[in-house]
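Quick caveat: nothing in here was measured; it's all calculated off a predicted structure. Ligands are counted one by one from 1 in listed order, and the atoms in each one are counted from 1 as well. Every heavy atom of this structure was used, including side-chain atoms; hydrogens, water molecules and symmetry mates were not. Position 1 is the first residue of the sequence; numbering continues from there.
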Amino acid sequence: MKIPVNEPLIGDREIEYVLDCLRTGWISSAGKYLEAFEEAWASYCGMRFGVAVSNGTTALEIAVKASGLEPGDEVILPTFTIISCAQAVTYNGGVPVLVDSDPRTWCMDVSQLQAKITSKTRAIMPVHIYGHPVDMDAVLTLANHHGLLVIEDAAEAHGAEYLSGRTTIQPEWRRCGGMSDISAFSFYANKLVTTGEGGMVLTNDPQIASRLRSLRNLCFRPEKRFYHTELGHNFRLTNLQAAIGLAQIERMPETIKKKRWMGESYTKRLKALPGLTLPVEEAWARQVYWMYGLVLDESTGLSAVEFAKRLAERGIETRPFFLGMHEQPVFTNQGMFKGEKYPVAERIARQGLYLPSGLTITEAQIDEVCQAVEEALAAV
Ligand SMILES: Cc1ncc(COP(=O)(O)O)c(C=O)c1O
């Protein structure tokens, strides 16, 4: 493809830090970069503790486990998300309960949460989709009222901000991943901060933090190493990966600036084209355009699959939107989500895709992508 959907940006500082690991022999899951990376990311997001893990999926898995889920407990999450969210619940014996998407932000429709709360509900898992925050006040108020935990999935929203308390006299901007009991991040190569593969769980609770550390490291006991009272995982991240991540955090202001420039540049060029719904930024949000998505109106006569094919013919790589959890055979074949309908998620899954959105994208490339979008629409 002439223009890839993503390319990571690796600078000299990453190389310097990785070389330091190689030269000093600190290449495994202990070392100064790991500690510095955990501390720097927790502090950037406004949380006390960071526990680095092997990827975002494992971060969610131990985040849910550390929340103390009992078999049969329910966790409310958006249907429109990656499977990692739902499987973190089922692997821990819980039951995922779904809500539809907000048609503007594509994040969970918070107005549907109340109706899904039962005596078995234990947690809510908001997922900040494609770089735009969930309307967290609604989630936190409900969780507070019903004594529920909030497990935030901020994998796609590094550095995105939410205006908390907007109806009060003291609203406050808070970072995604810093507003809940436990939050999870991915540092896969397409994320704003990458470690190649990697993830992190954040929390303010020292007991949860220590349980997360134990779960990521086979539940070794500090006082009696090869003696186990519980089963854990090897979900460790290496010092080498953390070295890359630390250098990436140091560049966060420029990274966000670049992403916001990219998002605004796309919107400026595409907003006049009929038949497209583009990403929004609500007044209470500062979004980071992790991926620049668009949804085709049905009036175009095009599905996302057909549109992606037309863009690919013009050298433009895209990715389809998520397919809702209630449409996943792995769940429906077990009789889960029977008869459930989520019209917004169903529509955007079929009509949505995202355009090249990497940190290395240039103005000329954005022009070329937008030209291709226009041609692909006109070719109907
Ligand atoms: C919202 C969300 N959660 C979790 C993950 C899982 O992260 P990973 O790919 O690092 O396992 C992703 C991956 O992109 C994601 O988009």
Looking at every non-hydrogen atom in both residues, tell me the closest pair between Val5 and Met291 and how far apart they are.
O-SD, 4.5 Å
Within the structure, does [X] bring an N/O atom to less than 3.5 angstrom of an N/O atom in ligand 1?
X	answer
Glu156	yes
Thr81	no
Gly56	yes

For [atom], grab the closest protein heavy atom and report residue, atom and distance to one decimal in Å.
atom	result
atom 9 (O) of ligand 1	Ser186 OG, 4.1 Å
atom 13 (C) of ligand 1	Lys191 NZ, 3.4 Å
atom 3 (N) of ligand 1	Asp153 OD2, 2.6 Å

Which atoms of ligand 1 sit under 4.0 Å from any heavy atom of [X]?
X	answer
Asn55	10 (O), 11 (O)
Ile82	2 (C), 3 (N), 4 (C), 5 (C), 12 (C), 13 (C), 15 (C)
Ser84	6 (C)

Would a line drawn from the ring center of Phe80 to the ring center of Phe321 be shorter than 6.0 Å?
yes
Less than 6.0 Å separating the ring centroids of Tyr354 and Tyr289?
no
Between the side chains of Glu250 and Tyr17, is a donor N or O closer than 3.5 angstrom to an acceptor N or O?
yes
Hey, looking at atom 11 (O) of ligand 1, which of Thr57, Thr195, Thr194, Val127 has the closest heavy atom?
Thr57
Tell me the ring pair (Phe, Tyr, Trp, His ring centres under 6.0 Å) pairs involving residues 187-213, sequence neighbours left out?
Phe37-Phe187, Trp41-Phe187, His158-Phe187
Does the residue Gly199 have a heavy-atom contact with ligand 1, meaning some pair of atoms that are separated by less than 4.0 Å?
no
Output side-chain donor-acceptor pairs under 3.5 Å for residues 64-78, partner residues at least two apart or in another chain, one line each.
from: Ser67; atom 1: OG; to: Val64; atom 2: O; distance (Å): 2.5
from: Asp73; atom 1: OD2; to: Glu70; atom 2: N; distance (Å): 2.8
from: Glu74; atom 1: OE1; to: Thr118; atom 2: OG1; distance (Å): 2.8

Taking salt bridge (charged side-chain N to carboxylate O under 4.0 Å, His left out) as the criterion, tell me which of Arg286, Arg260, Arg104 meets it with Glu281.
Arg260
Side chains of Glu375 and Arg314: closer than 4.5 Å at any heavy-atom pair?
yes
